[in-house]
Amino acid sequence: MYSYNYKITSETHNKVTHNSHTGTSVQAKTSIWMLRGPILVIAEKPKAARRIVEALSQHYITRKYSNISYYEIKSMSQIVYVASAVGHLYTLHTELREYPVFEYKWVPAYIADEEKKYTRIYLELLGKLAHECLYYVNACDYDIEGSVIGYLIIKFHGDEKRAFRAKFSSLVHSELRSSFENLTPLDYDMIESGLCRHELDWIWGINVSRALMKAVFNATKRKITLSAGRVQTPTLKFITDRELERALFIPLPQYMITVKLKKDNRVFTVEFVENPVLSVTSANIVKSAVLRGKYLLVREYTTEKRKLTPPPPFNLSDLQYEAARIFGFSPMKTQKIAEDLYLEALISYPRTNSQKLPPTLNYREILQKLSRISKYEDLVSRLIRETRGILRPVEGEKEDPAHPAIYPTGNIPQSLTRDQWAVYDLIVRRFLAAFAPSAIMSYTRALLETPSEGYKFTCSGVNIELPGWLIYYPYHTPSTKILPKLARAERVEVIDVVVRESYTRPPAKLKKIDVLKWMESVEIGTESTRAPIIEKLFERNYLRNTKSGIEITDLGLGVVEVISWFFPELTSIDLTRRFEQLIGEVKAGSKSRLQVIEEAKGVIKKLLEVFNQRIDSIGALLSARLGITDSYTKCSIPTCRREVHENSLCKYHYEALKKLRDLYEEWYQRKNIAYKEYLKKLLNMKNTGMFIRDVIEHIELRELPHK
DNA sequence: GCAAGGTC
Ligand SMILES: [Zn+2]
């Protein structure tokens, strides 16, 4: 139903080609050097401005405006200023405080938001320079947001009619030079679709957030910050679903059969291939068969060598994942550290999705610089030896329209904290590993059977034949396990059979990194925004963090219920797919931005009308979940604040009770046990869900004596 | 004050 070929932020413009004589493009190209009159070149960020001016001239002048730098290229016939934004300098804003609200305009971010004060000086400088200039070049990142960032500055301080777009997808000097010799007119297709995305997110997010807050205010007279949005709400819903699954989880008994075998005086263990076995009776049948036979017959014994290629260079989410896995860092912490390292010029730009190193990068030079850091000296010389100086990095599939994978610059770290070192070290090692040879692993697998019944058992071993890249990036090293040598048809002596009772487990509690990986997998949010959006859900008190992972709060659950009821599209990732389709149509020119916004307005207005009709009961629900007031009809579980759904229970406790009673049948079949024993057993198990526990404790164990 | 998106 929707087209998936349009990504909200990673949209790549049509391929960058500057060879105008091939006739591949009909767009007029202009060389910056042909323009007569002062020119302002606008970069997206200070570091990019520096790279751009270095590429354009060897004789540029660095100037200071207050504490920020800009650059000047002066020749006989022209003057070029290169200055930078710091990301978005403008933001959508409204003076109105009510909702529905559809009146908004772009205003300087430093005015609308106290935290963006630092952008003021950049905008002030750009304004002053723009005033002196005749031509304007948007040289922001070559993506949809870059098109918007530069456009708004030119619109408010320059002149769209004398403006150009520079198109480059790396900051390599030759590519930069070429792009400035082939400037195109402003890319209005991207600008319009970008503006449209901003407006859609604003009207949805602001209106629904205000509606939620208004409901709570009416019910409690308290101003409590609540929010909803295209990215945060589906993310909250995802976490809620996992938490509900856990809270309603009932472990089921199951049985694992293992056999201890002996070969050459060495005892090793094989597992029943049909594990887990669902009842104790069938487990015991297998057990006695094995004991009767006294030995197992080897049916298969195979060893297979496999190449393990190095993992690709880091993009931000892979780095966040590894730092979480290896050091337990939150994605936000890793991101902040990576940003610090970038600002210290120790690593390349970190907010990238790319798993590919720039092909024109001087790898050898970086390696030589890294070898001056004593802890990498030996690794680098080993790498040069192993590769015989042939430096061809592996790459992954993921791409980014404006930035390559993360790599170390080779600059020597001066004073890093322990945590900064940890992240820096991961980046360096991953970079080194990208050039290293594949590791070679051998996997051994044995299949054995009982001689008469043919019950099958298996075991496997793994050995590192050649470490290859694991020397440089050892965090994927498997623990080796060597099996005894076996031959087909060999009889192996049985020492013991173990039937271990275990229980099914609920899905794990989510960690922040799991949430981030999920957002990435369903393509919502961006490298820059995912970790901050997860943090925002905690700030709103929708979530709480515990040692074992994320938990949903009563408020978070209530917000998801309310949004699911009145704004269901906002809880689904399909809204992002829908936005992608719409802004794709704006880009193609088949729909206008105004048209798309008017349609969205209509939808939102209608939803808000229905919301407003029920605003009192919504307010009552949320204020009960906040613990401010009591529900009119309270769930009979003493610890529960929710309103009654059926039989004096809220909908979760009602469902829990039903499930608890339904699943007893299954338990009885697996493990002959009385209902009361079943309840007590469940209460004693840590994996039993919270809602299940509640109904056992407060209903079943209380009512039983009367039954 | 509220979104999501840039970047410090
Ligand atoms: Zn309840």
Side-chain angles (χ1 to χ4, degrees), chain A residues 7-11 42-49 67-68 84-101 104 106 109-110 112-123 140-141 143-153 194-217 222-236 335-336 338-340 342-344 349-352 402-403 519 524-534 536-537 539-540 559 567 570 575-576 579 583 600 604:
Chain A
K7 303 288 160 50
I8 274 202
T9 55
S10 62
E11 165 68 2
I42 303 162
E44 183 159 325
K45 42 191 174 283
K47 279 203 148 81
N67 57 340
I68 64 173
S84 87
V86 267
H88 280 291
L89 297 183
Y90 287 85
T91 189
L92 287 173
H93 183 71
T94 184
E95 300 289 327
L96 305 175
R97 302 183 63 80
E98 74 265 16
Y99 78 91
V101 56
Y104 48 81
W106 288 98
Y110 72 84
D113 185 347
E114 185 73 15
E115 277 181 17
K116 308 254 163 88
K117 269 195 163 164
Y118 68 92
T119 63
R120 179 177 188 158
I121 191 78
Y122 289 88
L123 186 57
C140 293
D141 291 353
D143 53 31
I144 197 168
E145 295 301 327
S147 293
V148 172
I149 292 168
Y151 166 74
L152 290 171
I153 294 161
L195 293 171
C196 189
R197 201 278 307 154
H198 278 271
E199 293 180 38
L200 281 173
D201 273 328
W202 193 92
I203 60 178
W204 272 98
I206 300 297
N207 279 296
V208 176
S209 299
R210 284 185 178 184
L212 294 172
M213 286 186 279
K214 178 77 171 168
V216 168
F217 182 77
R222 291 199 208 178
K223 291 190 175 174
I224 289 164
T225 303
L226 299 174
S227 64
R230 173 180 56 82
V231 178
Q232 63 170 262
T233 303
T235 304
L236 182 62
Q335 183 165 339
K336 279 193 179 139
E339 281 160 1
D340 290 342
Y342 162 69
L343 292 174
E344 293 291 319
Y349 182 84
R351 290 179 291 259
T352 175
H403 305 283
M519 295 169 81
I524 61 173
T526 67
E527 300 287 322
S528 306
T529 59
R530 287 180 196 125
I533 286 175
I534 294 169
K536 189 171 284 182
L537 295 173
E539 280 164 35
R540 298 277 177 268
V559 165
F567 310 99
L570 203 52
L575 188 62
T576 296
F579 277 26
I583 64 179
I604 296 167

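Excluded from the calculations below are hydrogen atoms, water molecules and symmetry mates; all remaining heavy atoms, backbone and side chain alike, are included. Below, chain A is the first sequence line, B the second, and so on; all start at residue 1.
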If you look at every strand shown and take non-hydrogen atoms under 4.0 Å, does A/R530 touch a base, only sugar-phosphate, or nothing? nothing
Quick one: list whatever passes side-chain hydrogen bond (donor to acceptor under 3.5 Å, both in side chains) with A/R351, sequence neighbours left out. A/E339, A/Y349
Is the distance from OP1 or OP2 of B/dT7 to the nearest side-chain N or O of A/R351 less than 4.0 Å? yes
With a non-hydrogen cut-off below 4.0 angstrom, is A/G87 in contact with a base, only sugar-phosphate, or nothing? base
Hey, is the main chain of A/G205 close enough, under 3.5 Å, to the side chain of A/S209 for a donor-acceptor pair? yes
Could you state the atom-to-atom distance from OH of A/Y104 to C1' of B/dC2 in whole Å? 15 Å
Any side-chain N or O of A/K536 under 4.0 Å from OP1/OP2 of B/dA3? yes
Mind checking if A/A228 touches a base, just sugar-phosphate, or nothing, with heavy atoms under 4.0 Å? sugar-phosphate
Scan A/V86 against the nucleic acid and name what it touches under 4.0 Å (heavy atoms): base, sugar-phosphate only, or nothing. base
Using heavy atoms to find the nearest nucleotide of DNA chain B for A/I206 and A/Y90 separately, return the residue whose nucleotide is more 5′. A/I206
Using whole Å, what does the distance between atom C1' of nucleotide B/dT7 and atom OH of A/Y342 come to? 8 Å
Select base, sugar-phosphate, or nothing to describe what A/S227 touches, counting heavy atoms under 4.0 Å on all strands. sugar-phosphate
Those residues that, when tested against A/K536, pass salt bridge (charged side-chain N to carboxylate O under 4.0 Å, His left out) (two or more places apart): none
Please work out if A/T225 contacts a base, only the sugar-phosphate, or nothing of the nucleic acid, heavy-atom cut-off 4.0 Å. sugar-phosphate
Taking 4.0 Å as the cut-off, does a side-chain nitrogen or oxygen of A/R197 come that near to OP1 or OP2 on B/dA3? no
Nearest-Å distance, CG (A/L92) to P (B/dA3)? 13 Å
Less than 4.5 Å apart, side chain to side chain, heavy atoms only: is that true for A/W202 and A/V101? yes
How would you label the contact of A/L226 with the nucleic acid (heavy atoms, under 4.0 Å): base, sugar-phosphate, or nothing? sugar-phosphate
